[in-house]
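All residue numbers refer to positions in the sequence shown, counting from 1.
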Amino acid sequence: MTTPTPLHVPAIKNSIDRVIHALEGRVSQGLAPASLLLAYYDWLVHLSNSPGKIGELIENALTKGANFLMWSAHSAFDKDSQSYIEPLSGDRRFQSNEWKAWPFNVLFQSFLMVEQWWHYATTGIQGMSSHHQDVAGFSARQVLDIFSPSNFLLTNPEVLKTTWEHQGGNLAGGIENFLADLQDTISGKDHRRISEFKAGKNLAITPGKVVYQNRLIELI
């Protein structure tokens with residue numbers, strides 16, 4: 001008597017886990033939820049046990065907040081006023097001259113001030129591990145970057161200028177591209193138009209090889 005072939009059952013559990021982990025990765029920018037929880041727990045425990053640091057944070061917020069209000073009032077009448085906070089060297093979001101005009105200069109300067117304060121709040125805390133400080137600081141910046149004034153139409157002077165010059169044509173084109181991509185996604189087609197890519201122009205053809213590999217990435 002032959003032994004019946006066992007029925008192959010797909011590993012639905014693993015598939016569900018992969019989907020959930022992928023969604024979590026998009027929200028946490030690739031950081032493990034457990035690592036985030038541990039980092040912020042470490043931050044909260046040691047910060048709450050450091051009244052001196054808390055006092056410095058309060059003093060920093062009050063002092064810089066008062067000075068910023070004075071700068072904001074002055075910048076409304078002086079177009080050539082110096083920036084209250086200079087962006088980091090790698091931050092190119094606010095380099096155009098449109099950001100120097102009021103009230104957009106106040107918007108992006110207030111954003112940079114909050115970003116700077118959170119960096120100060122997540123660093124230099126006694127007893128907290130350096131790794132957890134890096135994780136807490138990095139994740140705080142990622143969350144704050146979501147609310148950057150450069151990400152929204154009404155608070156981005158560059159986009160507003162382009163919209164005015166094109167009489168809204170740029171927004172209409174963006175909506176058209178979004179609907180086309182959505183249609184291709186629903187129909188199962190590749191959302192990239194192959195005809196738009198030309199080898200050597202906007203499509204790289206340089207040979208490469210994998211120089212590092214782990215369970216998450218392949219570095220080419």
Side-chain angles (χ1 to χ4, degrees), residues 23 25-31 36 39-40 43 47 53-125 133-182 191-192 196 202:
L23 293 174
R26 294 182 67 89
V27 175
S28 63
Q29 297 293 320
L31 294 173
L36 282 175
Y40 276 100
W43 171 75
L47 179 63
K53 179 69 173 182
I54 295 176
E56 289 180 8
L57 291 174
I58 295 175
E59 180 184 3
N60 181 281
L62 294 176
T63 302
K64 285 200 170 183
N67 292 335
F68 180 75
L69 289 177
M70 296 177 60
W71 175 88
S72 300
H74 176 74
S75 66
F77 302 97
D78 184 6
K79 297 181 179 179
D80 298 325
S81 61
Q82 297 294 324
S83 297
Y84 184 70
I85 298 177
E86 291 294 336
L88 297 176
S89 58
D91 191 349
R92 302 180 179 179
R93 292 172 294 183
F94 312 110
Q95 289 186 340
S96 67
N97 292 328
E98 283 75 15
W99 287 103
K100 297 180 181 179
W102 191 89
F104 302 106
N105 57 348
V106 177
L107 286 174
F108 95 83
Q109 288 285 288
S110 62
F111 169 77
L112 291 180
M113 186 174 66
V114 173
E115 195 173 52
Q116 186 183 79
W117 185 89
W118 269 105
H119 172 74
Y120 183 57
T122 54
T123 56
I125 301 176
Q133 289 190 44
D134 293 339
V135 172
F138 173 78
S139 58
R141 287 195 305 272
Q142 298 304 308
V143 173
L144 288 174
D145 283 344
I146 297 175
F147 302 98
S148 170
S150 61
N151 292 338
F152 302 95
L153 171 63
L154 297 180
T155 57
N156 189 323
E158 297 179 78
V159 178
L160 290 175
K161 179 182 178 182
T162 303
T163 302
W164 176 263
E165 292 175 347
H166 292 82
Q167 298 181 350
N170 59 320
L171 300 181
I175 294 175
E176 182 180 355
N177 291 334
F178 169 76
L179 294 177
D181 290 344
L182 180 61
H191 69 282
R192 298 181 181 273
E196 297 177 359
N202 53 7

Show every salt bridge (Lys or Arg N to Asp or Glu O under 4.0 Å) that has at least one partner inside residues 66-75, sequence neighbours left out.
none

For Gln133 versus Gly124, what's the shortest heavy-atom pair and its separation?
OE1-N, 3.1 Å

Audit row: Leu160, Leu153, side chain to side chain contact (heavy atoms under 4.5 Å, CB included) steps and yes/no
CA-CA 7 Å; Leu160 290 175; Leu153 171 63; 4.1 Å; yes

Identify each donor-acceptor pair in which a side-chain atom of residues 112-120 lies under 3.5 Å from a protein atom, sequence neighbours left out, and give them as a table.
| residue | atom | partner | partner atom | Å |
| --- | --- | --- | --- | --- |
| Gln116 | OE1 | Lys64 | NZ | 2.2 |
| Trp117 | NE1 | Leu57 | O | 3.1 |
| Tyr120 | OH | Glu56 | OE1 | 2.6 |

Side chain to side chain contact (heavy atoms under 4.5 Å, CB included) between Ile85 and Gln109, worked out
CA-CA 6 Å; Ile85 298 177; Gln109 288 285 288; 4.0 Å; yes

Near Glu165 CD, under 6.0 Å, is it more than 12 heavy atoms from other residues, nucleotides or ligands?
yes

Does the pair Phe94 and Ser148 meet the rule for a side chain to side chain contact (heavy atoms under 4.5 Å, CB included), with working shown?
CA-CA 10 Å; Phe94 312 110; Ser148 170; 3.6 Å; yes

Holding to side-chain hydrogen bond (donor to acceptor under 3.5 Å, both in side chains), I want the full list of residues that pass it with Asp145, two or more places apart in sequence or in another chain.
Arg93

For Ser72 versus Trp102, what's the shortest heavy-atom pair and its separation?
O-NE1, 4.1 Å

Are any side-chain N or O atoms of Trp43 and backbone N or O atoms of Ala121, one a donor and one an acceptor, separated by less than 3.5 Å?
yes

Thr155 to Pro157 - nearest heavy-atom pair and separation:
O-CD, 3.5 Å

CG on Asn60 to NZ on Lys53, rounded to 0.5 Å:
8.5 Å

Mind listing the closest non-hydrogen atom pair of Ala39 and Val135 along with its distance?
CB-CG1, 3.7 Å

Would Phe108 and Ser150 satisfy side chain to side chain contact (heavy atoms under 4.5 Å, CB included), going step by step from the backbone distance to the final call?
CA-CA 8 Å; Phe108 95 83; Ser150 61; over 6 Å; no

Can any side-chain N or O of Ser139 pair as donor or acceptor with the backbone N or O of Ala136 at less than 3.5 Å?
yes

In the structure I gave you, are the side-chain heavy atoms of Asn156 and Asn151 within less than 4.5 Å of one another anywhere?
no

Among all residues two or more places apart in sequence or in another chain, which pass the side-chain hydrogen bond (donor to acceptor under 3.5 Å, both in side chains) test with Thr163?
Asn170

Rounded distance (nearest 0.5 Å) linking atom OG1 of Thr122 with atom CZ of Arg141:
7.5 Å

Out of curiosity, Gln82 CD to Asn105 CG, how far, rounded to the nearest 0.5 Å?
12.0 Å

Any donor-acceptor pair under 3.5 Å from Ser81 side chain to Ser75 backbone
no

Checking Phe68 now: which residues fulfil ring-ring contact (aromatic ring centres under 6.0 Å, His included) with it, not counting sequence neighbours?
Trp71, Tyr84

Run the side-chain hydrogen bond (donor to acceptor under 3.5 Å, both in side chains) test against Asn67 and tell me which residues pass, sequence neighbours left out.
none

Nearest 0.5 Å, please: how far is CD in Gln167 from OG1 in Thr162?
13.5 Å

